[in-house]
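The sequence lines fix the lettering, A, B, ..., with proteins before strands; numbering per chain opens at 1.
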Amino acid sequence: MPVRLYNTLTQKIEDFVPATPGKVKLYVCGITVYDLAHAGHGRTYTTFDVLVRFLRARGFEVSHCQNVTDVDDKIVNRAKERGEEPLALSKRMGELAEEHLAAIGCMRPTSMPRVSTTIDGIVDLTQRLIQKGSAYVAETPHGKDVYYSVRSFPGYGKLSRRNLDDLRAGASERLAAGAVDVKKDPLDFALWKAAGPDGFGFDSPWGKGRPGWHIECSAMAFKELGEHIDIHGGGMDLVFPHHENEIAQSEACSGKELARFWMHGGFLEIDSEKMAKSLGNFVTIKDVLEKNDPEGYRYFVLGTHYRGPLSFDVEKHDDGRVTFPGLDEAERRMDYLYATRDALVSLADGSEPGEPNILQGQAEVVAGAKERVLEALDRDLNTPVALSVLAELGKAGNEIVMQAPKMKKDPAKHEAVRKLAASAVRALAAACAPLGLMQAEPEAYWKRTKARRLRLRGLAAADIDAKVAARTEARKAKDFAKADAIRKELAAVGVEVFDAADGSSWKITL
RNA sequence: GGUGCGGUAGCCAAGUGGUUAGGCAACGGUUUGCAAAACCGUCAUACGUCGGUUCGAAUCCGAUCCGCACCUCCA
């Protein structure tokens, strides 16, 4: 079955075939780094990270270019507020964004060009557009601007399905609000803007200035990937005008189709509204990492198809704690998967994976898991179905663990079930890989989640250990009233105690 | 006004013409000193509303209601 992806350009799910067999050129619009990256950015980049992992798992060689917008009016304004150099601010925020995206499991793109180091390409592209009659220079009080002439490009609106006359009404109204009109047509957009009174800018044939927002992506895509790419992606909010303008610039210049496929991720919402910096309702990735495990966040994101809206809940508890219930639930599922893997590993006990003739139903789930995940992703990255495969695999794994003791008396059967357990461990890793889940060593996962949950509850492991030890003493003395009292006391502060044959352990409630 | 997206059982969420999605919660079991975890079972013949097409519709067509986004910077 071929890889199938939804294409915004055609509004259909289509078979994906790259221009060069086996090689995929992917360009993803990156972040404007004037502030911390938020959970909505995280969702989009997680989607494309899964796309990359999946395409590679399907045997494609993927070049993934994702830009960093480090030159922009918002950066200049924010820097001014803080009394900082614009490029110093964007460098700092860019590094934090990279760090936070890496933390939530997004692999580093193959290339991450910046506007500040692509000025030559941007100037070159702008000049070519002027020469072709697609752009023109306009005089402003500060110097020279360059605008793209939208009406010179016949295909304008093909991605976002807008017609120029509908757009014009809105654009005219905006102009009445007081902007200086140096454009020949209200729809025209800037390729180059003269430096403002702040003086921040780069040298160019039109004097000191800086690029418009859209031109950078055209220049970077050309430079890093060439004039025709296979997939161009970003958030839903970029369809218009950003991607529409990119198409106009790039295609007017090269005469080639910029991208065969256009993919757009849906929004992360809070209270049914888009999470956005401009609305002030955002939760940063840093906030998420404070409260939840990064893989829990990833599981949460992948639980909804990438094109649909995903609602991010925030809950304020009576005791003053603020939690993200959706992330907590997802994190419990990660606990389940890691715990299942631990149980399988200890059952396998060094045994080699195999396909033994035992526990047929479970063995079938184990054998088919990886391919079923890939098949789910074949269908326009259907990650929720992929996660349902993980759920079934986890259940099969626990069933294997549960059945094993019954086979202890028969060495051949027990050996077989250990082989199956080893296969299940391997299947879990293989099924999770294209999703970027279970990337941590189990010990590391338990260590980091425990440390974080203790911190959030304001608890110390030593205190809990002492109470659990006291309870163990009470249990040995058959003083169950006291043991239960201690359990209740711990439960009240969010600690669950459970007893096993080899002693008691505890866990912080999420 | 223009352009899109979405409304599926208590909650979250797949499914685009005909055979179990999956998860959470709740309840009943197995297990346990009691619990928890894990597993089994129930909730589940659910698909915003009204019409139409069809042997058959959550799925196709028409109308309509509701929510959201984009049309200005936005992942």
Side-chain angles (χ1 to χ4, degrees), chain A residues 8 11 13 28-32 34 37-48 66 69 72-74 77 157 159-163 165-171 173-175 177 179 213 233-242 244 264-269 271-279 282 299-300 303-305 307-311 313 325-326 328-330 332-333 335-336 339-340 343 376 379 382-392 394-403 475 478-481 483-484 487-488 491 496-501 504-507 509:
Chain A
T8 307
Q11 292 186 309
I13 293 174
V28 179
C29 285
I31 306 179
T32 299
Y34 69 99
H38 60 66
H41 295 118
R43 182 188 187 198
T44 295
Y45 299 113
T46 296
T47 296
F48 288 104
Q66 187 167 303
T69 299
D72 176 89
D73 285 351
K74 282 203 285 277
N77 294 337
L159 180 69
S160 55
R161 264 154 261 279
R162 276 157 224 257
N163 78 59
D165 298 317
D166 289 338
L167 288 171
R168 185 149 71 166
E173 268 174 45
R174 285 196 297 284
L175 267 182
W213 175 39
M236 210 79 111
D237 44 3
L238 298 185
V239 176
F240 187 90
H242 186 58
E244 198 68 70
H264 295 97
F267 297 127
L268 189 65
E269 301 180 338
D271 295 330
S272 298
E273 272 192 325
K274 171 185 167 190
M275 179 182 287
K277 290 179 194 171
S278 54
L279 292 173
F282 63 93
Y299 192 102
F300 169 76
T304 299
H305 183 79
R307 284 190 282 115
L310 170 57
S311 137
D313 301 322
D328 286 342
E329 185 183 324
R332 278 184 227 114
R333 296 304 296 163
D335 279 4
Y336 170 81
T340 302
R379 292 183 286 142
N382 197 329
T383 54
V385 168
L387 293 189
S388 78
V389 174
L390 294 189
E392 286 174 23
K395 188 174 277 191
N398 282 120
E399 282 163 353
I400 292 165
V401 170
M402 197 163 241
Q403 295 298 321
R475 289 182 71 223
K478 304 270 183 212
D479 184 353
F480 293 119
D484 290 348
R487 192 215 294 282
K488 209 172 175 183
E496 271 182 309
V497 184
F498 32 94
D499 306 323
S504 300
S505 54
W506 55 269
K507 197 173 164 180
T509 312

field: Separation between the C1' atoms of B:rC5 and B:rU19, rounded to whole Å
entry: 31 Å
Mind checking if A:Gly326 touches a base, just sugar-phosphate, or nothing, with heavy atoms under 4.0 Å? nothing
Open item on the list: Base, sugar-phosphate or nothing for A:Met275? Non-hydrogen atoms, less than 4.0 Å.
Closed with: base
Worksheet item: Any side-chain N or O of A:Arg333 less than 4.0 Å from the OP1 or OP2 oxygen of B:rC24?
Response: yes
In whole Å, what separates the C1' atom of B:rU30 from that of B:rA36?
15 Å
- Task: Write down the distance separating the P atoms in B:rG48 and B:rC12, rounded off to the nearest Å.
- Result: 14 Å
The answer to which of A:Arg161 and A:Val385 contacts RNA chain B further toward the 5' end, by nearest nucleotide, is A:Arg161
Comparing nearest nucleotides in RNA chain B, the 5'-proximal residue of the pair A:Tyr34, A:Ser160 is A:Ser160
Base, sugar-phosphate, or nothing for A:Lys478, non-hydrogen atoms under 4.0 angstrom?
nothing
Side-chain N or O of A:Tyr336 versus OP1/OP2 of B:rC39: is the shortest distance under 4.0 Å? yes
Quiz item: Does any N or O in the side chain of A:Arg487 come within less than 3.5 Å of the main-chain N or O of A:Val497, such that one atom is a donor and the other an acceptor?
Solution: yes
Using Watson-Crick geometry (N1-N3 plus N6-O4 or O6-N4) or G-U wobble (N1-O2, O6-N3), each under 3.5 Å, B:rG1 is paired with B:rC71
(request) Would you classify A:Asp73 as touching base, sugar-phosphate or nothing, given that sugar-phosphate means primed atoms plus P, OP1 and OP2, and contacts are heavy atoms under 4.0 Å? (result) nothing
Exercise for the section: Please work out if A:Gly234 contacts a base, only the sugar-phosphate, or nothing of the nucleic acid, heavy-atom cut-off 4.0 Å. Expected result: sugar-phosphate
Mind checking if A:Leu238 touches a base, just sugar-phosphate, or nothing, with heavy atoms under 4.0 Å? sugar-phosphate
As its Watson-Crick or G-U partner within any shown strand, both distances under 3.5 Å, B:rU49 has B:rA63
Within the 4.0 Å heavy-atom criterion, would you say A:Asp484 contacts the bases, only the backbone, or no part of the nucleic acid? base
